[in-house]
Amino acid sequence: MEDANNIAKNYDPASFEDKLYNEWVEKGYFHAEVNKDKKPFTIVIPPPNVTGQLHMGHALDQTLQDILIRYKRMQGYEALWVPGTDHAGIATQIKVEENLRVNEGLTRYDLGRDEFLKRVWDWKEKFGNRIISQLKKIGSSCDWDRERFTMDEGCSKAVREVFVNLYNKGLIYQGSRIINWCPNCITALSDAEVEHVEQAGHFWYIKYPVKGEEGRYVTIATTRPETLFGDTAVAVNPEDERYKDLIGKTLLLPLTDREIPVVADEYVDKEFGTGCVKITPAHDPNDFEVGLRHNLEQIKVLNDDATMNKYAGKYEGMDRYECRKAMIKDLDEMGLLEKIEDHSHNVGQCYRCGTTVEPIVSKQWFVKMKPLAEPAIEAVKEGKTKFVPERFTKTYMNWMEGVFDWCISRQLWWGHRIPAFYCQECGKTIVSKEDITVCPHCGGAVKQDEDVLDTWFSSALWPFSTLGWPEKTKELEYFYPTSVLVTGYDIIFFWVARMIFSAMEHTGQAPFEHVFIHGLVRDSQGRKMSKSLGNGIDPLEIIEKYGADALRFNLATGNAPGNDMRFYMERVEAGRNFANKIWNASRFTMMNLEIDENKLPDISELQLEDKWILSKYNKIVKVVTDNLDKFELGIALSNLYDFIWENFCDWYIELVKPRLFDKENPTGKAAQYVLTYVLSHTMQLLHPFMPFITEEIWQHLPHEGESIVISKFPEYDPALEFEAEEKAMTLVMDAISAIRNRRAEMNVPPSKKAKTIIVTERTDIFEKGKAFFEKLASASEVEVRTDKAGIDKNAVNIVVAEAEIYLPMSELVDKEKELARLNDEKKKLEGEIKRVEGKLSNPKFVEKAPEKVVNEERAKGEKYRGMLEKVIENIRSMENL
RNA sequence: GGGAGUUUAGCUCAGCUGGGAGAGCGUCUGCCUUACAAGCAGGAUGUCACAGGUUCGAGCCCUGUAACUCCCACCA
């Protein structure tokens, strides 16, 4: 190559990564469209969070999906990348709200709906675009179509279609229920959005006086005393002898002038607490049920921001915790506080902001889950959608089978507004696909519901709404159902499960064939990377320092699907070093190239080592392909790594050097061809994992085609099987290793060359390997023969399979040490032989073990017996000296 | 209270359907050998958590135990 000598000595990703990416985009390699000549491969992945910076979790998502998609594209599929929704995430709104509050001292209500939404849009645009440019840095082959993949138009239409359909089927209903309320985000949350955290708290034992019985009290234990103002009863177990006579009596609710009854309900556990439970139907899901059974009033005592309302009397306006403190003090002074106990319990927290959520009774929209879950369970049971790794099927099933109705309304402004209209005149509710202004029943004015839908409601439609559903578009027909969803296990409930049941309901098909689950990226101490801990590592910084390929290598290797991984800088360095290794192997290749086409020479021109590397390469093609097909990306990559570093670089390049350097050598050209062939094809195998460096190298090698991105993925080729040569070469390599080993043991520097005599029956093989011993085993000259007549008895002796090697360096041999070593080796071989013979003499082993295994054992036995014979011989002659 | 996962070299982890224990990093020894010191060659280090069982054969399958982790769950 003309510019081989100008290539940088070290791998420098900055010099080509951006350039290549732009070229790929410009040439349209990432674009996918309906193409009947090809099979579609569609991949769905979750969104990068538009409120911030690309983080390591996104980098992992992107890397894995990109590996799959590049691989499939090279195999001739029309590969489409469908990024998950980036649109309705309420995180965006919350960010903007925070911003408003902190910087301008305003709330969304001060701004009004239109102005507020405009701000959210601006924010989203700004960060959305930033994220897209960041994705490019890691080589993501996304063809992010902003027009097609945004919330407006198409998606809104799909959302409305779905909402109305479900409503008409009675699967969406509005009702008063206990929901989780986040007083910071000021919205309802679904069950999945609440995280339960173990917290140290207290049990407050409060005495409720019994009406008309001076001095008699009922003691209840509570963890949330401030809800007392919403109590409408106290319940006891009907079987509880202690309280039987209380049932039906009336209690005086402390701090208020209200009177509440004592009711009997099975729900109460006699063993727990005092056996008496205060019932607050408006603020506890269990109490809510009890309340329904006993027809109790629901009294809400909290405002939306978790301050107390008028029912709290003099505590009105106080924050819930302030109120708690004040009322406890008052109760104590009144002698109504019996005791306080420490108690740790699970407290629900908002998963976005961490605020303790309040269960509050509220009128919300719900999706009836049971009828939707059933087909979704079936779909997975029947294998229409398969989880990888399989164990996540169980996680999914457990959730699906025990799922409660889904609260879908959110008291936010950013998102898809609920398409329900309330008539101001007749009070009817109208759910409509189109906006309406007048009531179809009475003609009165209507008002649309203020709330928006849970972000996952629209996200659940992603696999088909992005393809044009509900229209029967050609994209939908061609790309749907999709092939793979790549995501972390933390999102199975939020998103995966909901996509599956939504797809089953609305399209009648499972949305994807495979769900490829990965683990979380943790820091080097195993902690979750998070902003608050400040232990997040910015992928962009890593890329800048080590290159995107090194980062991708790190993310793809050394961890099994579904398992968490720790992020180590040292591992990124290992990836960078690997890239550098490839870089230099390529540089070496190019420096020694006189050819300008990429093909294999005629088989008759191939030398032993050529056939060996081709055979090894061929096997790697199979290993990589098989493992990629099984989603075992890590195994595929680590095998490639070993092949490139050990077989190609450490052995093949070294073996072939003499032929390359000697311009007279008639086999030199063949070496160049093989070198080029194996290297460029290996780059293709590696391309899905490390797209940049492979393209850069591939372009510099003789090649056909425009880009490695659109080149054809290598296939296993039976013509490249050279079993015999592989075995022969292995004998030579083992012999070389044995010599190196002995020399190192004796501290002989490589510069000290020695004559090497190889005594073997297989002269055919070792004759061919002569040159290798000179180059790789510090041989000054090599002699291959069948007898050992006339060899110095003092020579350094090495016994290997099929050969005995002598190095006439008698001055280095210490007779005592040598004898000890030989006896050691004898012992080892005897041990091996004993083990093998033990196996073979066991008739059950011979009878039951597969033939292949038995034969292997026999071959080993023979090999060791041959070696042992020689070692014993050597011991004798050494002793006779 | 349910469910899942983990336990393998000093550290972090691979080890696919059972057939002689692996990688990266670290460590030790020797090498600037004309692609690469981000490198080369050679070493050392393991009762594969524990106890049973199945099998000709178990890191892998079965049973039990222990420790740790995660998810789910409306016990005040």
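Per chain, numbering begins at 1; letters A, B, ... match sequence-line order. Here the structure is a predicted model, which is why all the values come from computation and not from measurement. Values below: every heavy atom of this structure, side chains too, minus hydrogens, waters and symmetry copies.
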For atom [atom1] of [X] and atom [atom2] of [N], their distance in whole Å:
X      : N     : atom1 : atom2 : answer
A:L776 : B:A41 : CG    : C1'   : 11 Å
A:L840 : B:G57 : CG    : P     : 15 Å
A:D642 : B:A14 : CG    : P     : 16 Å
A:E857 : B:C56 : CD    : P     : 17 Å
A:L228 : B:A76 : CG    : P     : 17 Å
A:L551 : B:G24 : CG    : P     : 20 Å
A:R571 : B:U12 : CZ    : C1'   : 7 Å
A:I635 : B:G22 : CD1   : P     : 16 Å

May I ask you to say what [X] touches in the nucleic acid, namely base, sugar-phosphate or nothing, with a heavy-atom cut-off under 4.0 Å?
X      : value
A:A574 : sugar-phosphate
A:Y568 : sugar-phosphate
A:D269 : base
A:R835 : base
A:P359 : nothing
A:V836 : nothing

How many angstroms lie between [atom1] in [X] and [atom2] in [Y], if you round to the nearest 0.5 Å?
X      : Y      : atom1 : atom2 : result
A:T356 : A:R224 : OG1   : CZ    : 10.5 Å
A:M56  : A:M529 : CE    : CE    : 5.0 Å
A:F516 : A:T487 : CZ    : OG1   : 11.0 Å
A:L807 : A:I798 : CG    : CD1   : 4.5 Å

Using the [atom1] atom on both, measure [N] against [M] and round to a whole Å.
N     : M     : atom1 : value
B:U6  : B:G46 : P     : 25 Å
B:C16 : B:G3  : P     : 26 Å
B:U8  : B:C61 : P     : 16 Å
B:U69 : B:A9  : C1'   : 23 Å
B:G19 : B:G59 : P     : 10 Å
B:A66 : B:A21 : P     : 31 Å
B:G53 : B:A67 : P     : 24 Å
B:C48 : B:G18 : C1'   : 15 Å

Return the pairing partner of [N] with a 3.5 Å limit on both distances, Watson-Crick or G-U wobble; otherwise return none.
N     : value
B:U47 : none
B:A58 : none
B:U6  : B:A67
B:G1  : B:C72
B:G18 : none
B:A23 : B:U12
B:U34 : none

Please list, for nucleotides 69-71 of chain B, all pairs of protein and nucleotide N/O atoms separated by less than 3.5 Å.
none

Looking at [X], I'd like to know whether one of its side-chain N or O atoms comes within less than 4.0 Å of OP1 or OP2 on [N].
X      : N     : answer
A:N563 : B:A14 : yes
A:R391 : B:A4  : no
A:R566 : B:C13 : yes
A:N741 : B:G43 : yes

Self-check item: Test applied, ring pair (Phe, Tyr, Trp, His ring centres under 6.0 Å); reference residue, A:F553; option that passes from A:F578, A:F689, A:F692, A:Y546
Solution: A:F578

Practice problem: Determine, for A:E774 against A:K753, whether the closest basic-nitrogen to carboxylate-oxygen distance falls under 4.0 angstrom. | Solution: no

Quiz item: Would you call A:R566 and A:S524 a side-chain contact if the rule is heavy atoms closer than 4.5 Å?
Solution: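 In short, these two side chains do not touch, never coming nearer than 4.5 Å.
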
Quiz item: What pairs meet the side-chain hydrogen bond (donor to acceptor under 3.5 Å, both in side chains) rule with one or both residues in residues 641-654 of chain A, with sequence neighbours excluded?
Solution: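 As it turns out, the side-chain hydrogen bond (donor to acceptor under 3.5 Å, both in side chains) pairs with a partner in residues 641-654 of chain A, which skip direct neighbours, are A:D610-A:Y652, A:E654-A:K657.
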
Quiz item: Is there any side-chain hydrogen bond (donor to acceptor under 3.5 Å, both in side chains) pair reaching into residues 197-208 of chain A, and which pairs are they, with sequence neighbours excluded?
Solution: A:E198-A:S344, A:H202-A:D342, A:Y205-A:E341, A:Y208-A:D231

Heavy atoms from C-beta onward define the side chain here; which of [options] lies closest to that of [X]?
X      : options             : value
A:K844 : B:C16, B:A76, B:C56 : B:C56
A:N398 : B:G19, B:A76, B:G3  : B:G3
A:Y641 : B:G19, B:G24, B:A76 : B:G24

Quiz item: What residue pairs, at least two apart or across chains, pass salt bridge (charged side-chain N to carboxylate O under 4.0 Å, His left out) with a residue in residues 265-276 of chain A?
Solution: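 Qualifying pairs, neighbours excluded: A:D265-A:R293.
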
Practice problem: Using the salt bridge (charged side-chain N to carboxylate O under 4.0 Å, His left out) rule, collect all pairs that involve residues 837-847 of chain A, keeping only residues at least two apart or in two chains. | Solution: A:E837-A:R865, A:K839-A:E857

Quiz prompt | A:F494 ring center within less than 6.0 Å of A:Y351 ring center | solution = yes

Exercise. Nearest-nucleotide wise, let me know which of A:M565 and A:V277 is further upstream toward the 5' end of RNA chain B.
Key: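 With A:V277 and A:M565 compared, the 5'-side residue is A:M565.
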
Quiz item: Should the pair A:R177 and A:F288 be classed as cation-pi, given the thresholds of under 6.0 Å to the six-membered ring centre and 45° from the axis?
Solution: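 No, cation not above the ring by the 6.0 Å, 45° rule.
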
Exercise. Quick one, give me the B/S/- string for nucleotides 31-40 of chain B, reading 5' to 3', where B means a protein heavy atom under 4.0 Å from the base and S means that only happens at the primed atoms, P, OP1 or OP2.
Key: ----BBSBSS

